Number of protein chains: 2
Amino acid sequence: MDYIALEQYLKGIGDQNRLRILTYLMHESLCVCELTELLEMTQPAISQHMRKLKDAGIVSEEKRGRWTIWSLNVRHPQYPVLIHLLSLLPAPGRTVEDLIKEGKKVMCDA
Amino acid sequence: MDYIALEQYLKGIGDQNRLRILTYLMHESLCVCELTELLEMTQPAISQHMRKLKDAGIVSEEKRGRWTIWSLNVRHPQYPVLIHLLSLLPAPGRTVEDLIKEGKKVMCDA
DNA sequence: AGATTATATAAGCATTCTCTTATGAATGCA
DNA sequence: TGCATTCATAAGAGAATGCTTATATAATCT
């Protein structure tokens with residue numbers, strides 16, 4: 001890993017909202033519309049964050065029907081470091097359980 | 001550590017030039033004018049990087065005569081993570097040995 | 001086919017970042 | 001005391017960042 005790649009990696013995870021996204025993805029894979037609900041942000045904002053994370057190799061996407069399911073790229077060389085850092089953070093305010101209660105959890109694998 | 005603090009930390013180390021600075025400091029403490037020579041950057045640019053690193057608690061300073069000696073803050077909670085990340089990087093082009101050869105190494109503790 | 005849903009992308013704007021040059025403050029030396 | 005050295009800070013320019021709104025694309029449903 002050279003200086004440019006490490007800078008890109010650290011800039012990729014060095015943002016409050018992307019850290020919140022990664023905290024969610026640490027527990028389960030989620031689609032864009034679920035992240036939009038969880039973070040209470042607009043859909044384009046989420047998509048742009050995901051692209052940045054993807055460019056840094058931190059997450060991977062899987063198209064399933066209309067949805068794009070995002071998950072942590074467990075094959076990233078610094079995946080263990082990422083998990084360590086994310087484990088320092090408190091649980092985010094809105095949980096996936098809240099989504100389920102509100103009937104907003106997507107069941108795209110059904 | 002909350003989301004804001006982790007963002008500040010990652011932004012602190014998420015810059016090519018600051019990574020180069022930290023790579024040098026991993027081996028030995030250095031003053032501003034030495035870093036200016038090693039990185040081939042202007043003195044204010046170095047000072048501004050050091051302030052950013054200091055604000056994030058990543059480095060600590062010690063005034064000695066005319067010089068400000070900077071070192072890694074080994075008491076930072078994420079110091080082990082930092083060392084791990086820095087160890088991924090190749091050795092920088094200009095070395096402290098080059099400085100000595102050129103007679104530019106400061107001996108402020110003499 | 002037409003309408004709906006999920007997502008990506010483009011353009012615009014405000015903020016932040018990182019450098020530059022200029023200047024100020026403090027220390028040590030002649 | 002006067003001067004050189006070291007460093008910090010301020011102000012400004014240009015690029016990058018992260019949002020917004022608007023629009024395009026693709027898949028699904030009726």
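Order of the sequence lines sets the chain letters (A, B, ...), proteins ahead of strands, with each chain counted from 1. What you see is a predicted model, and the numbers here were worked out from it, not measured in a lab.
For the pair A:Leu35 CG and C:dA6 C1', the interatomic distance rounds to 13 Å; values are reported in whole Å. We find that CD of B:Glu62 is positioned 15 Å from C1' of C:dT27, with the value rounded to whole Å. C:dT15 atom C1' lies 13 Å from atom CG of A:Asp15, rounded to whole Å. A:Gln8 places its CD atom 19 Å from the P atom of C:dC17, with the value rounded to the nearest Å. Atom P of nucleotide C:dT21 and atom CE of B:Met41 are separated by 12 Å, given to the nearest angstrom. Rounded to an integer number of Å, the gap from NZ of B:Lys11 to C1' of D:dT17 is 8 Å. The CD atom of B:Gln16 sits 14 Å away from the C1' atom of D:dA16 (whole-angstrom rounding). In this entry the distance linking CH2 of B:Trp67 with P of C:dT27 reads 13 Å, nearest Å.
Of the charged side-chain nitrogens involved, none lies within less than 4.0 Å of a carboxylate oxygen, so that A:Glu97 and A:Lys101 do not count as a salt-bridged pair. A salt bridge does not link A:Lys104 with A:Glu34: every distance from a Lys NZ or Arg NE/NH1/NH2 to an Asp or Glu carboxylate oxygen is 4.0 Å or more.
Heavy atoms only, all atoms of each residue included: B:Asn17 and B:Leu39 are closest at O-CD1, 4.0 Å. Scanning all heavy atoms of the two residues, the minimum distance from A:Leu10 to B:Gly14 falls at CB-CA, 3.7 Å. For the pair A:Leu38 and A:Val96, the tightest heavy-atom approach, listed with the atom from each and the gap, is CD2-N, 4.0 Å. Residues B:Asp98 and B:Gly93 share a closest heavy-atom pair of OD2-O, 4.1 Å. Residue A:Gly12 comes nearest to A:Leu53 through the heavy atom pair O-CD2, 3.5 Å, listed as atom of the first residue, atom of the second, then distance. Across every non-hydrogen atom of A:Arg18 and A:Lys11, the tightest pair is NH2-O, 3.1 Å.
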Base, backbone or nothing for each nucleotide of nucleotides 22-28 of chain D, written B, S, -, heavy atoms under 4.0 angstrom, 5' to 3'? B----SS

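For DNA chain C, the residues of residues 46-59 of chain B within the heavy-atom distance limit of 4.0 Å (strictly under) are B:Gln48, B:His49, B:Lys52, sorted by number. Within a heavy-atom distance below 4.0 Å of DNA chain C, no residue of residues 19-29 of chain A is found.
Applying the ring-ring contact (aromatic ring centres under 6.0 Å, His included) definition to pairs two or more places apart or across chains, those involving residues 6-58 of chain A are A:Tyr9-A:His76. Counting only residues at least two apart or on different chains, the side chain to side chain donor-acceptor pair (under 3.5 Å) pairs with a member in residues 77-94 of chain A are A:Glu37-A:Arg94, A:Gln78-B:His84, A:His84-B:Gln78, A:Arg94-A:Glu102.
With sequence neighbours left out, the side chain to side chain donor-acceptor pair (under 3.5 Å) criterion links B:Thr68 to no other residue.
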